[in-house]
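Chain A is the first sequence line, chain B the second, and so forth, proteins listed ahead of strands; every chain is numbered from 1.
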Number of protein chains: 2
Amino acid sequence: MSYSTKQQQAVLQCLEQCSEEPISAAALAEQLRHSGNPVGLATVYRQLEKLEQAGQIHKIRTEEGAFYQICPHRAAQGRECFLLRCERCGHVVHLDCGHLHALYEHLEAEHHFRIDPRRTILTGLCQACAGKEDPHGTQ
Amino acid sequence: MSYSTKQQQAVLQCLEQCSEEPISAAALAEQLRHSGNPVGLATVYRQLEKLEQAGQIHKIRTEEGAFYQICPHRAAQGRECFLLRCERCGHVVHLDCGHLHALYEHLEAEHHFRIDPRRTILTGLCQACAGKEDPHGTQ
DNA sequence: TATAATACGAAAATGATTTTCAATTTCAAA
DNA sequence: TTTGAAATTGAAAATCATTTTCGTATTATA
């Protein structure tokens, strides 16, 4: 039903190495070419899709296109992390915090809405970027 | 600096009429054509961009492209709503709830992250769709 | 009016993502 | 091993939402 290929392994390995920041499909293909394991862009997209379905990576859609990042909590089955993404610098924090889980339960109990942590991205400003913020909007 | 045009008014009026559900740019243009106020697609996009910048509407990026919806709380300046979007049926609830504002404050105080409610969409399943959920994933 | 700034829209361009399809690879069975 | 059906690959083409171009039309003001 599904073969194991070297392209598959190469993509996953590259995502593990780039785990600090989300990466675009094109940049990932570029990295792979550099590292001597070129993988066609179509295949990169196919593997990313698979990995996302399998819950191993997060797909982060932004104004600038989609980025992918391996989920640091992918091993922990019971409890999922929520994503905080800085809209200025693009940095993403994978947060496993009681308050977020409490919110999850509140929304389910009181508003009959079950958040999917994997597809929810809290967007805003990280500390560093909030500090730099330009009050005149001239960014 | 900015002229008032009938296309502008037509787009806003149409968004007000379709306020129940998010609508795509193409569907909006279609609606406008139907209602006898045809507006070019490029202009529709330009107006949507303006309205979003002005904080009058929400832009909701999804796997199926972008949707736009007028913000029912746009008049209330002090407090912004958060969006809950059902990933199954696409329905969006604009929620002004104390727990969410508490979360906002918790993230700011403890995690040094300031959420931008306008760009944050909590994605998951609404009650109706959660009921229909298919445990075998054959959706 | 005149005119300068702004907005319009059809058509072309863009660009990320997906699809096509012939060639290649995988893996289990012979 | 070989074999062959099923799955995967990748270059190129297709898709498709969104943006840009650019000549024309509209707006507000003098």
- Task: Could you tell me the separation between the CD atom of A:Gln8 and the P atom of D:dG10, rounded to a whole number of Å?
- Result: 12 Å

- Task: For B:Ala26, answer base if it contacts any base atom (sugar-phosphate contacts may also be present), sugar-phosphate if it contacts only those atoms, and nothing otherwise; contact means non-hydrogen atoms under 4.0 Å.
- Result: nothing

- Integer-rounded Å distance: C:dA7 P and B:Leu41 CG: 18 Å

- Calculate the interatomic distance between B:Tyr45 atom OH and D:dC16 atom P; express it in whole Å. 13 Å

- Rounded to whole Å, the CG-P distance (B:Asn37 to C:dG9) equals 11 Å

- Let me know, please, whether B:Lys50 or B:Glu63 comes out on the 5' side of the other along DNA chain C by nearest nucleotide. B:Lys50

- Item | Under 4.0 Å protein heavy-atom contact, by nucleotide of nucleotides 21-30 of chain C - B base, S sugar-phosphate only | -----BS---

- Message: Output the rounded distance in Å from CD1 (B:Ile60) to C1' (D:dA17).
- Response: 17 Å

- Query: For B:His106, which of B:His112, B:His99, B:His111 qualifies under ring pair (Phe, Tyr, Trp, His ring centres under 6.0 Å)?
  - Reply: B:His111

- Determine, for B:Lys59 against A:Glu63, whether the closest basic-nitrogen to carboxylate-oxygen distance falls under 4.0 angstrom. yes

- Message: Applying salt bridge (charged side-chain N to carboxylate O under 4.0 Å, His left out) as the test, list every pair that has at least one member in residues 99-111 of chain A; sequence neighbours left out.
- Response: A:Glu108-A:Arg114

- Query: Which part of the nucleic acid, if any, lies within reach of B:Gln47 when heavy atoms closer than 4.0 Å are counted: base, sugar-phosphate only, or nothing?
  - Reply: sugar-phosphate

- List, by chain and number, the other hydrophobic cluster members for B:Phe113, where Ile, Leu, Val, Met, Phe, Trp and Tyr join if side-chain heavy atoms come within less than 4.5 Å, directly or indirectly. A:Phe82, A:Leu84, A:Val93, A:Leu95, A:Leu100, A:Leu103, A:Tyr104, A:Leu107, A:Phe113, A:Ile115, A:Leu122, B:Phe82, B:Leu84, B:Val93, B:Leu95, B:Leu100, B:Leu103, B:Tyr104, B:Leu107, B:Ile115, B:Leu122

- Message: Taking side chain to side chain contact (heavy atoms under 4.5 Å, CB included) as the definition, give me every residue that meets it alongside B:Gln53, ordered by chain and number, with sequence neighbours left out.
- Response: B:Glu49

- Return the 5'-most residue of the pair B:Glu64, B:Ala42 with respect to DNA chain D, ranking by each residue's nearest nucleotide. B:Glu64

- Query: C:dC8, D:dT19, C:dT17: which one has an atom nearest the side-chain heavy atoms of A:Ala66?
  - Reply: C:dT17

- Query: When clusters are formed from ILVMFWY side-chain contacts under 4.5 Å, directly or step by step, what else is grouped with A:Met1?
  - Reply: none

- Query: Roughly, in whole Å, what's the span from CE in A:Met1 to C1' in D:dA6?
  - Reply: 11 Å

- Message: Just to verify, what does B:Ala29 make a side chain to side chain contact (heavy atoms under 4.5 Å, CB included) with, not counting sequence neighbours?
- Response: B:Arg33, B:Leu41, B:Val44

- Item | Interatomic distance where NZ belongs to A:Lys59 and C1' belongs to C:dT18 [whole Å] | 11 Å

- Message: Rounded to whole Å, please give me the gap between CD in B:Glu49 and P in D:dT19.
- Response: 7 Å

